Every structure is written in C-alpha cells, then in structure tokens.
Amino acid sequence: MLTIELSPKKLEEENVDAKIVLVIAKDLDHKWVRDKEMLIRMGFKGESEEILFMPTSNTVYVGCDSLDTEEVRLAASKALECVKKTNLRSLAIGTYTGECPGQNVKALVEGFLLGSYLFDTYKSKKEPPKLERIVLCLEDYARPNISMESATKALKEAKAIAEATNFSRQIVNGIPNDITPSALASIAQELGELKNVTCKVMDEHFLQENGMNAFLAVNRASIHPPRLIHLTYTPKNPKKRIIYVGKGLTYDSGGLSLKPSEHMVTMKADKSGAAAVMGILKAAATLELPFEIHAIVGAAENMIGGNAYKPDDVLVAKNGKTIEVRNTDAEGRLVLADCLCYAQELKPDLLIDMATLTGACVVALGEFTTGVMGHNEVLKNAFVNASTNSGELSATLPFNRYLKKLIKSSVADISNISSSRYGGAITAGLFLDHFIEDAYKDKWLHLDIAGPAYRENAWGYNPFGASGAGVRANLYWMLDLAKD
Ligand code: BES
Ligand code: ZN
Ligand code: ZN
C-alpha cells in the first residue's frame with residue numbers, strides 16, 4: 001500500500017529517492033526546475049501530461065497546463081506512471097495551491113492514489129510496485145504555504161475518496177464467478193463493521209413476500225440466488241436522509257434476448273452502480289458526513305435457461321404497476337424499479353440511483369461521461385457542478401413528453417423498452433420515473449454510468465477496467481451539501 005505523508009520541510013531538504021516537479025504553464029525558470037538546459041536539450045516542453053525522468057538530478061518532471069485542479073490530479077498520476085517500472089521507493093513533491101487552498105493538496109493525493117491502483121487479482125505472478133511512500137512537503141510552488149491543519153484535512157478527504165473509488169473498482173473488476181449476488185452481499189456485510197454502519201441482506205423469500213417480482217424475474221434463470229442489500233450509515237443528528245440505489249447485475253448475458261458475444265464481454269461491470277453506492281457509503285462513514293445515508297443494492301444475474309423470464313411476459317412490480325417485457329436485456333430498469341419502490345418507503349430527502357443502464361447513454365455522451373437525469377434542474381446542476389470539481393465528467397440529458405410516450409404498452413401499464421431506437425438513455429430514465437412517487441419526483445436523480453464505469457483502455461488516472469465512476473462525484477457533492 002502506498003502511503004502519503006505530510007512534511008513541514010522544504011522540498012530540497014527531504015531525503016527521498018526522487019523528487020517530482022510539475023512544470024506549470026511551461027515555466028522552466030521556477031526554482032524547483034533544476035535542469036532547464038538539459039530539459040530543453042531533451043525536447044521537454046512541459047505540455048500537459050508530458051513526463052520526463054532526469055536520473056542525474058533524480059527528478060521526475062511533469063508538464064501541467066495550469067494550476068487547475070484536474071490538471072494537478074492528472075499530473076500526479078502521470079508522475080507515478082513514469083516511475084512504475086523503476087526501483088524508486090520514495091518520492092517527494094511540493095504543493096501547488098490553486099484558487100482554493102487545500103483543494104490541490106486533495107487533488108495531488110487523489111491523483112497519486114487513483115493512479116497507483118493495480119488490478120492483479122487474477123495474475124499468477126504478481127509484481128508488487130516498489131514505490132512505498134510519497135512525501136508531500138508543505139512548501140508551495142508560488143503561494144504562502146498552507147497550514148498543516150488544512151493540509152491534514154485535505155489529505156484525509158482525498159484518502160477516503162480515492163480509497164473508496166479503488167474499493168469500488170476492485171468489486172467491479174471481480175469476475176462473475178467470484179462476485180455472485182451473495183458474494184457481493186458478503187462484501188457489504190464487511191462494511192457493516194465500520195462505525196455507525198449496519199448491513200441487512202434480504203434473500204429471494206423476502207423479495208417474494210414483498211412483491212418485488214420484476215427483480216425476481218430477472219434472476220430466475222441464474223443458479224445464484226438474488227440478494228437485496230441494504231447498508232445504512234447513521235451519524236448523530238443527521239442533516240438529511242440520502243438514499244442511494246445501485247444496479248448490481250453481477251452478470252448481464254442479456255437473458256433470452258441474448259447479447260451478441262462481442263457485447264457480452266465486460267458485462268461483469270454491470271454491477272458498477274452497486275459497487276459505487278457501496279464505495280460512497282464507505283467513504284461517507286469514514287469521513288463521518290452529517291447525513292443518514294443508505295446504500296440499497298439489487299444484486300442479480302441475468303441468464304438464460306428453461307426457467308428464464310421471457311419477452312412477452314408481464315411482470316407486476318412492487319408498486320403494483322404491470323410491465324410488459326419486450327426485451328430481457330433491458331433488465332437493469334426492472335431490478336431498479338422494485339428497489340426504488342423499496343427505497344421510497346424509507347422517506348428519503350434525496351434519492352439517487354446509479355446504474356450501467358444503457359448502451360444508448362454511451363452513444364449519446366461518449367465513454368467518459370455520466371448521464372444525469374431527473375426532474376429537478378437545481379439538483380441536476382448542483383450535481384454536475386460537483387462532479388466537474390471531482391474530475392468526473394457528467395452531463396444532463398433532458399426528459400420530454402414525446403419520449404415519454406414511447407414506452408407505452410398495449411398489454412400492460414408500461415413496456416420495458418422504447419418503440420424507437422433513438423433516445424434510449426432518456427427512455428430508460430423515463431421508465432424509472434414510473435416508479436417514483438409524486439412526493440419524490442423533485443428529490444430524485446438518475447445517473448447512467450454505462451460509459452465511464454468500465455473501459456478496456458486506461459484513461460487519465462483510470463487504469464484498464466473499472467474506474468469507480470460515480471464515487472468521487474457523489475462524495476464531492478455531499479461534501480458541498482454538508483457546507484450548506
Ligand atoms: N447493461 C446494459 C447496458 C450497458 C451497455 C452497460 C453497454 C454498459 C455498456 C443493459 O442492461 C442493456 O443491455 N441495455 C440495453 C437496453 C435495450 C435492450 C433497450 C442496451 O443498452 O442495449
Ligand atoms: Zn441488459
Ligand atoms: Zn444490464
């Protein structure tokens with residue numbers, strides 16, 4: 001495990017294997033840049049994300065366009081990429097305070113911890129990284145030094161947020177044979193050991209007794225029983241009750257509307273919403289946020305077999321609404337429908353669901369961006385703003401009356417797919433809207449993380465595979481809410 005420590009010493013006084021120096025806005029004249037001539041000779045321009053290790057002075061130089069928080073995060077993770085194959089065990093870096101003191105300390109730590117995540121669970125020969133510690137010297141690049149107190153707070157927040165993201169990544173990267181619904185429940189139960197956290201796990205009998213037939217139908221052809229997981233974090237005098245609901249499809253084969261094989265690979269990541277809400281609750285408890293927070297997970301596996309639910313079936317959801325199944329691959333919304341009904345019984349002040357819900361969302365926004373939907377413009381904008389500050393990309397997708405008509409059914413109250421091939425992310429959101437009671441319409445956000453949750457190529461500080469999408473955005477958002 002990589003440790004990050006704060007030091008009151010000057011960067012040059014720190015006794016470490018190498019230093020990291022960010023070259024801000026191509027400024028090679030800064031006092032920390034000791035190798036100007038050599039850097040020029042090597043063709044180093046200091047462009048964003050450009051890296052160069054200078055062995056003669058034991059310095060890792062990283063280009064960074066500005067003191068913008070996200071630039072700093074990216075630069076920190078780039079620096080680690082550069083030393084990954086070396087035998088360096090310790091590094092030191094100064095601070096790069098931007099507009100808000102503390103913010104970039106947080107960004108540096110997040111960049112280091114997110115960039116150092118390594119998924120090697122299934123490698124027979126593990127190559128543990130050599131780097132053990134990074135010293136963050138409280139000597140600033142250009143501004144007065146920030147206090148040890150605010151740096152300590154920033155470090156604590158960044159650590160909790162990045163570790164929760166890595167926790168979430170680890171769950172998502174787990175293979176479907178290992179992370180079954182009950183295995184996911186066991187992981188949740190371990191979180192129940194955190195201070196002020198409890199975990200309840202409900203089985204198929206509970207789902208039956210509570211009329212959660214849409215959820216049950218999705219899991220019917222699986223050899224693994226489904227689980228409804230309910231984690232609760234309760235601090236003293238909570239300001240609000242925030243309820244998260246996560247799609248936890250431990251595998252999505254598409255069911256009888258079987259996915260083509262090239263689309264089936266990566267569907268172990270269909271539990272990313274579940275992993276995110278669990279990660280969020282973990283960090284919230286660690287940071288002792290002043291909200292009562294619930295993480296509700298619908299854990300199921302969408303498979304084929306003689307017992308499978310079928311296109312043409314009609315399901316009765318927990319709230320009594322009937323759903324015509326026209327495509328068994330639109331299963332996430334069925335599980336979420338019942339879980340959202342369950343969640344509203346707890347009378348949330350805010351209700352957020354997170355799901356790898358539609359390929360259409362990836363088509364609409366690209367692979368890097370979360371789709372944000374709901375009825376409350378203020379809430380959506382506040383979330384997008386917090387998400388941007390966290391370094392996660394998100395954008396709102398607007399509901400409209402015409403798209404709403406496309407999920408009408410002739411045989412049941414509603415169809416599980418749209419009659420049009422366009423606007424699929426929004427029609428999926430509108431399907432979920434049928435399960436939101438009037439009293440909660442303005443308290444609800446739907447986050448479609450199908451794009452950023454999992455990618456078979458590294459990007460920014462995200463390695464190959466799971467990114468932990470949604471964890472940082474929601475924690476930044478709740479930290480904002482805690483200030484109100
Ligand atoms: N889990 C998928 C959505 C998905 C696609 C997530 C790509 C991540 C990457 C979801 O259950 C699904 O299959 N949705 C269908 C809906 C369609 C049948 C209306 C889709 O997007 O094709
Ligand atoms: Zn599906
Ligand atoms: Zn799915």
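Treat the numbers as computed from the prediction; the structure is a model and nothing was measured. Note that ligands are numbered from 1 as they come in the structure, with each ligand's atoms numbered from 1 the same way. Sequence positions, counted from 1, serve as the residue numbers for this chain.
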| said: We want to know whether Asp442 and His375 form a side-chain donor-acceptor pair, criterion being a heavy-atom distance below 3.5 angstrom. | reply: no
| query | Quick one: nearest non-hydrogen protein atom to atom 1 (N) of ligand 1, plus distance? | reply | Asp270 OD1, 2.8 Å
| query | Going by atom types only, do Thr328 and Ser257 share a side-chain donor-acceptor pair under 3.5 Å? | reply | yes
| query | Looking at atom 14 (N) of ligand 1, is any protein heavy atom nearer than 4.0 Å to it? | reply | yes
| said: Given 3.5 Å as the limit, does a donor-acceptor pair link the side chain of Arg220 with the main chain of Asn307, or not? | reply: yes
| request: Answer side chain, backbone, both or neither: which part of Asp329 comes under 4.0 Å from ligand 1, heavy atoms only. | output: both
| task | Starting from atom 2 (C) of ligand 1, find the nearest protein heavy-atom neighbour and note its residue, name and distance. | result | Asp252 OD2, 3.6 Å
| atom 21 (O) of ligand 1: which protein heavy atom is closest, and how many Å away? | Gly359 N, 2.7 Å
| said: Within the 4.0 Å heavy-atom shell around Thr356, which atoms of ligand 1 are there? | reply: 1 (N), 2 (C), 3 (C), 6 (C)
| said: Whether the side chain of Asn219 engages the backbone of Glu301 through a donor-acceptor N/O pair (distance < 3.5 Å, no angle test) should be reported. | reply: yes
| message | Return the closest protein heavy atom for atom 10 (C) of ligand 1 as residue, atom name and distance. | response | Leu357 O, 3.3 Å
| message | Quick test of your reading of the model: are Arg73 and Glu70 salt-bridged, counting only N-O distances below 4.0 Å? | response | yes
Could you give the side-chain donor-acceptor pairs of residues 170-181 under 3.5 Å, partners two or more places apart or in another chain?
unit_1: Gln170; atom_1: OE1; unit_2: Tyr117; atom_2: OH; d: 2.6
unit_1: Gln170; atom_1: NE2; unit_2: Thr121; atom_2: OG1; d: 3.0
unit_1: Asn173; atom_1: OD1; unit_2: Ala466; atom_2: N; d: 3.0
unit_1: Asn173; atom_1: ND2; unit_2: Tyr117; atom_2: OH; d: 3.2
unit_1: Asn173; atom_1: ND2; unit_2: Arg169; atom_2: O; d: 3.2
unit_1: Asp178; atom_1: OD2; unit_2: Tyr122; atom_2: OH; d: 2.7
unit_1: Thr180; atom_1: OG1; unit_2: Ala183; atom_2: N; d: 3.2

| Side chains of Asp448 and Thr358: do they bring a donor and an acceptor to under 3.5 Å? | yes
| said: Nearest 0.5 Å, please: how far is CG in Leu281 from CG in Asn474? | reply: 11.5 Å
| field | Subset of ligand 1 atoms that lie under 4.0 Å from at least one heavy atom of Asn327 | value | 18 (C)
| Should the pair Glu110-Lys159 be classified as a salt bridge under the 4.0 Å nitrogen-to-oxygen rule? | no
| Any ion pair linking Lys239 and Glu292 (charged N to carboxylate O, less than 4.0 Å)? | no
| query | Just wondering, are more than 12 heavy atoms of other shown residues or ligands nearer than 6.0 Å to NZ in Lys441? | reply | yes
| Selection from Arg333, Met267, Lys259 by shortest heavy-atom distance to atom 9 (C) of ligand 1 | Met267
| request: Return yes when Ile417 approaches ligand 1 closer than 4.0 angstrom through a heavy atom, no otherwise. | output: yes
| request: Give the numbers and elements of all ligand 1 atoms closer than 4.0 Å to a heavy atom of Glu331. | output: 11 (O)
| task | Please state whether the rings of Phe206 and Tyr342 are parallel, tilted or perpendicular, taking 30° and 60° as the class boundaries. | result | perpendicular
| field | Lys247, portion touching ligand 1 at heavy-atom distance under 4.0 Å | value | side chain
| request: For the Zn ion (ligand 2), report each protein N, O or S atom nearer than 2.8 Å, sorted by chain and then by residue number. | output: Asp252 OD2, Asp329 O, Asp329 OD1, Glu331 OE1
